[in-house]
Each structure stands twice: as C-alpha cells, then as structure tokens.
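Report on the following structure.
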Amino acid sequence: MKLWVTGLNHRTAPVSVRERLAFSSVDLTQGLEELKNTPGIVEGMILSTCNRVEVAITAEDDINPHQALEIFLSTAKALDSRDLHQYLYGFEGREAIRHIFRVAASLDSMIVGEPQILGQLKSAYSLAKEHGAVTGLLDTVVMRAFGVAKRVRTETDIGVSAVSISYAAVELAREIFGSLKNQRVMLIGAGKMSELAARHLLRSGVQQILVTNRTDSRARELADRVRGTIVPYDQFRGRLKDVDIVLTSSGSPDHILTKEAMRRIVASRKNRPMFLIDIAVPRNIEPTVNELDNVFLYDIDDLQRIVDENLKGRMDQAAEADKIVAEEVERLESWMRTRHVGPLIVSLQEHLEQIRLAEIERVKGKLGGLTSQQEQAIEMLTRGIVNKIAHGPISQLRKHAGADNGPAVLDAIRNIFRLEE
Amino acid sequence: MQEMSVFWLRAAVALYAVGLFHTIQIALRRGASLFRPALIAFSIAIVLHMVALVEAGRLARHFPPGGFHNSVSLSAFILGVLFLLVYWRYRFDSLAVFLFPMIFVMTGVAALQGPAPHWTSSGSRSAWLVFHIILVLLGYAALILTALASVFYLIQERQLKRKKPMALLEKLPPLGTLDNLISQSLGFGFVLLTVGVVTGGAWAYIDTGSDWISDPRVTVAIANWLFCLLMVFLRIAAGWRGRKAAAMAVTIVAFSAASWAFHYVRQ
C-alpha cells in the first residue's frame, strides 16, 4: 500500500489551466465516487481551491498511482492527459506526507500563512469522509495534518501580521483604538483600496461608515456596497470631528486636509486619537499632520513598507514551520513503522500461552492428584519458561520495528512461531 | 463663640463634599452627572461659609479674622465666590472638576480647629491610622500603575508615529486600552488619595490638635493630592490625553517619589 499525491498549483500551472481543472461541489462528489471505483485505489480525497487542485490517495502496490491519477483528472475534466502532464507534480510516501502537512500549515500557499487553506482542506476531508473515501492511512495522515497546522499556528507567528495594504490599515487601527466597535469611519474618495479597507473595518464591527466623494453617484454606489451613509462633499470637513478613522483616496491634486485644519479638528474632539489613512497618489493629506499629537497618519508607502516587512517576517517563520513539519513527518513515519508490532507481540504471547496451558493439561493426568501448592509451583515454573522464551523475540521486534530490516524481522518471527498474519 | 463659627464651617464642608463626589464620579466615568445637585449644594455651602466667616470676624472684632485656619477659610471662600461668578458669566462648568475638591479640602483644613474631640479608645486610634495608611498606599499604587501605563503609552505612540513594522507594536496593548487603563487607575488613585488625605487630616487633628498642619508629611501629601487633582482636571476639562497626559503622569509620580525620599532623608 502506498500513499500518493498528484496535483498542480499556482507555481506549476497558469490560472487558465487551474480554472479548467477546478472541481465544483457536484464535480467533487462524482470525482470521489469515481476514485473509489478505480481499481487499485483504496482511499481518495480531492482538494480544489483557486490556487490548487490535488488528489491524495492510498493505492495498491501493483498500480502506477501517478498515471492512474493523470487519467482520472484528464477524464474528469475532459482534458488531454499529454497537455496536463507538464503541469502536474507527484509525491510518494514520506514526500506525500510532507506535502500534505505543508499545504495544511499554509506553507505551500501563494501567500504563506494565509488561514483559508486549512478550512478548505477540512472541507475536502469532510466530503471524502462522508463518501467513505478515507478510511485508513490517508485518514490518519490528514488528521495528523490538521494537528501540524495547529502546531505551526501556535508555535510560530506565521499568520500574525497583515500582508495586504487594506488589512495592514485595519491592524494599525486596532493598535490605536483596541476594539473598533465604537469607532466611526469616513471614506473620502471612492478608491478600490479604500473600499477593501472599509470592508475589513466593517467586519471588525465599526459603528458607522460615512462616505463622501466629489461625484455623488460614485459615493452612492460605494455607500451601498459598504453599508455607509453619504455625506455631501462640501460638508465632510464639518463631520470630521465625529470620526475616528479617515481613509482618503480622492483624485484631488492638492491636499484636502492640512495640518492647521487637523489641529482644529483634534482640539474640537478633546484630543481623542484619529487615524488617517491616505492611500491617494498624489497624497490627500499634508504629511506634517503626523506631527500633531493624537493623530496618526499613514500613506500608501508607509503601509506598503509594513506589508513588505511582514512578508519577510512570514518567510522567516516559514523556515521555523518547516522544521516542525519535518519533525511531524518523522513522528508519523515512526508510528507507521511500529504500528504492526503491537498486534504481533500480542499474537506471540497468546500463542505461547496456549501451548503452556495445553501442556499443563496434558501432564496433569499423569502426575495424579496435586496439592494446591504443587499446582502453584507448576504454574510459576511454566510461566517463567514461557516469559523467558518470549523475551528474546519481543525485544528484537521492538528494536527492529522502525528500522529498514523491520519487515524482515517481523516475517522471520511470524514464520518461526507459525503466527498468522 | 468660636464653636458656632466652626459649626457653620463644618456644615459648609459637608455640602462642599457633594462637589467632591461630582469630581470623583467624573474621574471614574460612572453614572449620570452630579453637577446640578453639586452646584446647588455648593451655592448653599458658600452662604454657610460666609456666615462662618462673619461669626469668626465678630468674635475677633475685626475683619478679616487672623490666624492660619481663618486665612485658609477666607481663601477658599473667595475661590468659591469667584467660581460662581465665572460660572454665572461663562458657564465654565469644567472648572468645577478642579475647584470643588480643592475648596472642600481647604475648608476642611480650616474647619479642623477649636477644641479637638478625643479618641474613645487606643484601638480606634490605631484602626483609623491603619485605614488611612492603607488608603494612601493603595492610592500611590494606583498612581504608579498610571505612570507605568503611561510609559507603555509613550513607547507605543512613538512606534506608531515612527511607522515601525508591527512586530514590536503587537507585544504592547493598543493605545486605546492603555488610555483607558490610565483613566481608570488615575480615577481610583484620586479617590483613594482624597479619602486618604481627609482621614489622615482628621486623625492628625484629633491626635495633635492644630499642630498637625505644620507636619511636612501633611504638606507633601496635600501637594501630591493637588497634583493628582490637577491631572484629573486637565484630562477631563482640557482634554489632555495621549503624550501630554502620559508625560504628566510620569512627572507627578516621579515628583511624589522624590518628595517622599527627600522628606525621609532629612529625618
């Protein structure tokens, strides 16, 4: 029995190929049934996301799993297997385990450390489980992969820092205000990035979003999308004292907020802090505004610098995470190597015990009536002999179970004692 | 009769206490505003205070009456009248946050004159002293917490202003959390120190008569309390928060520590 993973991802295949190979929820159900019915394939699971399509299986030793999966994928998606071949990778045994662990821990993702992949893997596993497509070794490997992902999240800071500009802005807002529940936001301009940041802020539970733009229709569209309230462009300055977070992305060639104006606004709100995010180019807010107490101004370059640093930090953390993955692969392999030894030891002990009891029974008649003390002595004697005989093979089994010659030792002991599989 | 003058003065102190509660309530950010009832009580107290001063002047046969207690009483009265005039003209109610407690304490000091009551037992004397010491120590602990939170605030604010990556920022609480902690610990510190100063003054008055006011420990304690009151006032009325408030908290705790150290080195 072997474990195998075949698939493609954002590094090996362009989006034009990935989109053709993607499995919808209906396709997944059909695919799992087909996998189950493919001769030689014992278990199967399909993971399909926008960045990867992978099939993990356990298969009989006598089939070529990569070839079988190439045929499976090309048939399922009506593609020529020769076209598909160049984009596919395959991992066997130890490498397959390592790959599944790395995928679960988001070390193989386009944005290393992103959390969605674990959820997607869990869904793929649930569906496969539901269809009875994972029942043995693959089940164990995937379940262990969830544990590895959790360990990586707990023991490293891989997913801690923001790696997109809009999310970095939200993280900064949290560093300033703590909870965003009672904060008010104003979007000046209807830029795409402002909208993204506003969506993040909305998810973080901000109290209100005000939207203003030179063009009313665009303000209205944006307000609809972010569940905001429109403020006429000529009145937004008067409302600034009531907002805590300001996102500017207007196309104005001049500064729409100056240091003097902000000084007055902050004073009128009794110095409660304000976070200004200026993602417009040219900038909408005079840079010297950041010199004012209780005002924090970040422009697009400041946010990009933070994102770059965070990405670099994630790569450092990924190296640490890979060490955890290697450790976990080793642990799982060791468990897999030794998992057959336990039943064999039990079987050997039972076999010897049967012989002992049978022999006592056989000689009891010849010895005639025995006192209880004599019976006890015979019991102790025979038990001692059996334990001493069993000690050697059991020690050897434990010693060699994880080694390369482990299977040979197991077979030898099984044959010597005539134990059944 | 001096007793009558002190009686009216003590009645005024009781009414000024409502103003003190108003400040405490604002410092702790709890419940609905007490300003209206405090202002009414304060106005009545000013009248009683005037009666006490007239009585004291009549006894001394000249006005203003002399002596430390009467001078403090007169200063508190003038401050109170000025506050009412300013409030009537400008509606500057934030000033009350500072002046109400200050006038309460000044009048309280002035009222601790005349024949002092005696301890009913040595047990009650020690219990009162222990209570006072615990309050003052808790008050200073709260102020030290305020200063520590302020130091973290200054570090965090500096990081945010310098736009450093978030690695270090994440190890410190958000500015908003630190600001809340500063507000809360300052509020509790102020309340504890206020009660501590009042109980300490009353204890010393009963124990030593009028000599207590010349004790340098009392001077240092009242000075520290006044700085604490100033900090509460600037935070609430002038909206001092962030860097200024944090720097002030650190300065006040440093001043307090230095003044106590100086006092004990001299002893």
Side-chain angles (χ1 to χ4, degrees), chain A residues 157 159-163 167-183 204 241 244-245 266-278 287-314 316-317, chain B residues 26-27 29 33 92-95 97-98 149-150 152-187 230-251:
Chain A
D157 288 335
V160 168
S161 49
V163 287
Y167 198 61
V170 177
E171 286 296 298
L172 278 167
R174 283 209 188 94
E175 288 303 326
I176 294 169
F177 301 106
S179 164
L180 301 182
K181 290 261 184 293
N182 296 317
Q183 312 306 325
S204 304
K241 66 176 172 43
D244 310 287
I245 301 167
V266 173
S268 68
R269 40 186 279 125
K270 287 203 168 177
N271 294 316
R272 276 182 294 123
M274 280 186 93
F275 180 32
L276 312 179
I277 307 150
D278 184 1
T288 51
V289 163
N290 194 48
E291 291 165 9
L292 294 173
D293 271 359
N294 303 307
V295 179
F296 302 92
L297 168 65
Y298 279 67
D299 63 28
I300 185 88
D301 280 1
D302 299 327
L303 295 171
Q304 187 59 53
R305 214 170 301 127
I306 289 170
V307 167
D308 290 346
E309 285 290 331
N310 288 349
L311 278 171
K312 196 168 150 275
R314 279 201 180 190
D316 295 343
Q317 293 296 315
Chain B
I26 288 185
R29 298 179 179 174
S33 173
F92 187 9
D93 54 349
S94 301
L95 206 55
V97 172
F98 184 76
S150 301
F152 284 122
Y153 186 101
L154 290 172
I155 296 170
Q156 177 79 316
E157 195 231 19
R158 196 179 162 85
Q159 299 290 337
L160 281 162
K161 281 278 186 192
R162 285 182 160 194
K163 301 170 182 182
K164 289 275 177 190
M166 283 183 267
L168 179 61
L169 297 181
E170 276 151 10
K171 294 186 180 77
L172 294 174
L175 281 185
T177 308
L178 288 169
D179 199 48
N180 275 341
L181 177 60
I182 292 169
S183 277
Q184 292 288 323
S185 54
L186 176 62
L230 183 70
M231 197 152 61
V232 171
F233 169 70
L234 287 174
R235 232 182 136 71
I236 293 160
W240 271 35
R241 53 172 68 232
R243 201 189 311 177
K244 275 184 193 167
M248 183 169 63
V250 175
T251 312

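To find a chain, count down the sequence lines: A is the first, B the second, and so on, and within it residues start at 1. Quick caveat: nothing in here was measured; it's all calculated off a predicted structure.
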All pairs passing salt bridge (charged side-chain N to carboxylate O under 4.0 Å, His left out) where residues 287-299 of chain A contributes a residue, at least two apart: A/K259-A/E291, A/R283-A/D299, A/D293-B/R243
Output yes when a side-chain donor or acceptor of B/K161 lies under 3.5 Å from a complementary backbone atom of A/L292, and no otherwise. yes
Which bit of A/N271 comes within less than 4.5 Å of chain B, counting heavy atoms only: side chain, backbone, both or neither? both
Find the distance between CG (A/N290) and CG (B/L160) and round it off to the nearest 0.5 Å. 9.5 Å
Which residues pass the ring-ring contact (aromatic ring centres under 6.0 Å, His included) test with B/F152, not counting sequence neighbours? none
Report which part of A/R269 has an atom under 4.5 Å of a heavy atom belonging to chain B: side chain, backbone, both, or neither. neither
Is a donor on one side and an acceptor on the other found under 3.5 Å between the side chain of B/K163 and the backbone of A/L297? yes
